[in-house]
Every structure is written in structure tokens, then in C-alpha cells.
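Order of listing sets the numbers, starting from 1, for every ligand and every atom in it. Side-chain atoms are counted along with the backbone in the values below, which use heavy atoms only and exclude waters and symmetry mates.
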Amino acid sequence: MAMFVVTVCAACVSYLVWRLMTRKTTEPPFFPGWWPILGHAPALIGDSCKLWNGVNDLAKQSYDIGGVVSIGIGPRTAYVISDPDDSFTVANSCFEKDDFYDIAKPWLGEGLVTGKYSIWKNHRKLLNPAFSQILLDTFMGVFNSQSRKLVKDMEKEAGKGLFDHWTYTRHNALETICLTALGVDFTDSNLNSEYVEAAELIFYTMVERFTKFWWHSPYTFAWSNVKKKQDACLKILHNMSNTVLQKRKSELSSSVCAEESEIPRKKYKPFLDLLLELSIEKGVLNDGEVREHVDTIIVGGHDTSASVLMFTMILLGSHPEAQEKAFAEVLEVLGDEDRDVEKADLSKLVYLEAVLKESMRVFTIVPVLARKLDKDVKLKNYTLSAGRTCFLFVFGLHKHPMWGPDVDEFRPERWLEPGQLPDNPNAFAAFSVGRRQCIGKAYALMSMKTTLAHVMRHYKIKADHTKVRLKLDVMLKPDAGHCISIERR
Ligand code: HEM
């Protein structure tokens, strides 16, 4: 026993000496509460609500020391950045996603979100045309019909008290991404419900794995119960993408027979048609890569917009003045008739856009990004060492004191009044920044604005944002207290 204790002590001392010797003085200071070998890992252990509270504390405390700190996750050292300029510097100098994204690779493989830089840089160029404005404009019809469907689906809840509106926005957004980027109709399909549940569970399992560093290795993880849960989810999630692919392929091949042509030749093709062209006609993507891109776009294209809409409805329901202003603008731009939102209307819905941006600031649904540093990176006050992980706390930028004393308030007006926004253009990064920023930003804003305009026109919302309990399940999610009630206008 004595021998064991001596060996453990010797290992700890050698480890500490090694750390001190390999650590450069120009690196940011360690966040308090560091343990030898374990780092800050003990503070991470717990559920995803505890994780969210922990990262919030970390961001707040980091402001006092320049917005950059070092943390230990098990034996690994990582950096956390809540400073807008330094965050921008890292996002624009290192494009490799961190190894932590590998946790999602059994699901999303080398798709755009998780893909290695060497693969991503070619694929992003190939896929950019599927998000060109000219093509997005053709989706306005679907954005309107799907918004009307959401309004109709929620009608049964009107006047009946609190309900979980997130279920509605998620199913609706999943159908919308299938109808637009993927060109397949899964409206009201059972697959949708199974998919939404499996996606929620797999995010949860990813966080469970992240917070238990002994499961970071694929060898230890293979023995865990969480892996079994994850495999069950993967079956459902991949079944969805395979079904989407088969459906679209068979639709296209029947149109080949009908029109005696290959994939319809248009300059700009929707996402899935472009993928199939790149794979079948040009041979630059293999079947696995096509599937990984489909998986990525299904989740990236629906869970995000659905969550922003869910949080926005809560915020409008809790701020009646802002809600009435949004309603008045919708009436002014669209008139009294229940007509479709047209492309030209979108740029006139300025208050609605301010509401959405403010909502994404207050509830940053992708709160943390992680890059792998493939070189030393010089920041304002520190130099980060190559090889380490760097967490960009996007929510930390959005709550930075530079937003002013009302930083915690929901105030869409700040986006409209001159001089009310921070001078620093990097203070808002809800869609990330630099070359690896969101490919679906314009799509998301168009679809969310259209949906919100329809919802505002039909319902008055009541909610209480102070009751929302948040959790970090990769994305920011409500754990409780998020329900709203609606009345017909
Ligand atoms: C309000 C809605 C949305 C928000 C807040 C959002 C946010 C983000 C963020 C922060 C990233 C960077 C992720 C990272 O670096 O780890 C990202 C990437 C991405 N997003 Fe979005 N997103 C939204 C909607 C969408 C939509 C509608 C689509 C597809 C139609 C989409 C597809 C993607 C893809 C494919 C990437 C990876 C981009 C790349 O690395 O090239 N997103 N998004």
C-alpha cells in the first residue's frame, strides 16, 4: 500500500514539474480550481444544467482577466476565450475543428460542421452555390406554406394555457429543411417524430461523454452504456438520411425517364440535387460523403432555427411592448390581408430582424465553438500554444460588459438606435465568424422572419422568460419552464 501511495505521489510531482516546464509564460493564466491530473474536470461532472452554469461562471470570471483563460480537462490544457477580438483572431487563423467534434463523427462524419479542414475546404467551395441568394429566394413559397402550417397546428392550443411550442417549431423546421434544401416531402411522417427524439437524445449522450473525460477515448467509451444509447439513436438518425437519399434519387430517376434527361440542369441546384450531381455525374463525392452532408444539413438546418424561434416566442411573450411593436410592423408591411410574406417584404421587417438578433444574443443557441490550434496564435495579451484546444465562448461575447449596463435585458431597440451597439463588430457571432461561419445564415434569417411574421399576425403570446432553466446539450436547450400560451388575435 505504502509503495502504491509513493508511486502515485511521484507520478503527481513528475506531472506537475512536466507541466511547469512545458508551459510558456505567455500563455493565459489558469482558471482557479485546478486539480493535478484532473484539471477542472471535477467541476464538469454532473448534468447538462450544471455544465451550463459552470461555463457561465467561467465566462463571467474571465472578463476580469482580459477574456482569455486556461483550463484543464483531465490532463489536457485548453483555452477559453470570451473576448471578441481574440475570438475573431483564433476563428480566422485556425480552421481545424477540435478533436471534441470527433464525438459527433459517428453521426455526422466529415460533413461541414465536423469535417477535417483538408476535406472541408474543398467541400465548402463545392456546396456554397446551394445557399446562393437566387436559390434561397425560390424557397419563399415553402417558407410561407410551412409558416401557415405551424400557425394552423398551434391553433388547438389557443386559449388553453401553457403548452410546449418547441415540439411544434422542431417538427415544422424539420419538414421545411426536407422540402427546401433536400427536395423531399416528409410532412407529418412518423419518421419526423422518431428523428426529433433521437436527435435530442444523441446530443445529451455527447455531453455525457464530454463531461466524463475517462470516456473521451474510444476504447473506454466502447464499454459504456452511453455508447449503447448512442448506437440506438444513430440507427434512427441514419435511417432518416438514407430514406431522404433514396426518396430523392428515385424521384430524380423517374423524372429522368419522364424527361429523358439527367438531374434537371439548372445553374443553381438545391443542396441534395447538387450533392447527387457531384457524386453521380462528376464523381467528386462518394456515397458516404453524400450521406454525411445530408445528416449535417438535416440537423444543422432544423434544430437551430427551431430553437431560435422557440426562444424568440418566449422573449416576445415576456415583453408585451416588444411584441406589440413587432405586430404593428407586420401589419404595416403586410397590410390587413392574410397574404404571403414576399421577398421584398423581408428587408422592410426591420424590427422583426432586430428581435431575432437580440434573441440570438440573449439565448445563444450555439454557445461554444472549439478549434484546434495548428500554430501558435498571438492574441492582444497572450500567445496561445499550437496543439491545444481553444473554446470560443460565443455566449460570452454576447454577454460581454461592452454591451452596456443592460446587457442582460432583451431590448431589440439596441439594434436600431445609432450608437447602442458595441463599437466592436466582432461582439455578435451567433452564426460564428470567418470562413467556417454558418453556411445557412441567410436561409435561417429568411425562414425565421417569415415564420415569425405569420405567428405574430395570428397570435398574442404570453410567457415568462425568468422561469426558463437552461442546459448545455451541445446547443443551448431549455430544461424546464419554457412553455408559452397563445390567444388568437
Ligand atoms: C438561427 C439559426 C442558425 C444558427 C444560430 C446557426 C449557427 C451556426 C454556427 C455557430 C456555426 C458554426 C459551428 C461550429 O463552428 O462549430 C454553424 C455552422 C453551420 N451551419 Fe448553421 N446556424 C443556423 C442555421 C443553419 C441552417 C438553417 C443551416 C442549413 C440550412 C445551417 C447549416 C450549417 C452548416 C452546414 C454549418 C457548417 C459550416 C461550415 O463549417 O462550413 N445552419 N451554424
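- For the residue pair Thr389 and Asp98, a side-chain donor N or O sits within less than 3.5 Å of a side-chain acceptor on the partner.
- For Asp164, the salt bridge (charged side-chain N to carboxylate O under 4.0 Å, His left out) test picks out no residue, with sequence neighbours left out.
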What are the polar N/O contacts of ligand 1 with the protein below 3.5 Å, with distances?
from	atom 1	to	atom 2	distance (Å)
ligand 1	15 (O)	Lys97	NZ	3.1
ligand 1	16 (O)	Lys97	NZ	3.3
ligand 1	16 (O)	Tyr101	OH	2.6
ligand 1	40 (O)	Leu112	O	3.2
ligand 1	40 (O)	Trp120	NE1	3.2
ligand 1	40 (O)	Arg436	NE	3.4
ligand 1	41 (O)	Trp120	NE1	2.6
ligand 1	41 (O)	Arg124	NH1	2.7
ligand 1	42 (N)	Gly300	O	3.4

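- Ala442 and Gln133 make their closest contact through CB-OE1, 4.1 Å (heavy atoms, listed as atom of the first residue, atom of the second, distance).
- Defined by atom type and a distance below 3.5 Å, a donor-acceptor pair is missing between the side-chain atoms of Asp153 and Asn172.
- Closest approach of Leu334 to Ala453, counting heavy atoms only: CD1-CB, 4.4 Å.
- Remark: the Arg411 side chain and the Gln420 side chain contain an N/O donor-acceptor pair separated by less than 3.5 Å.
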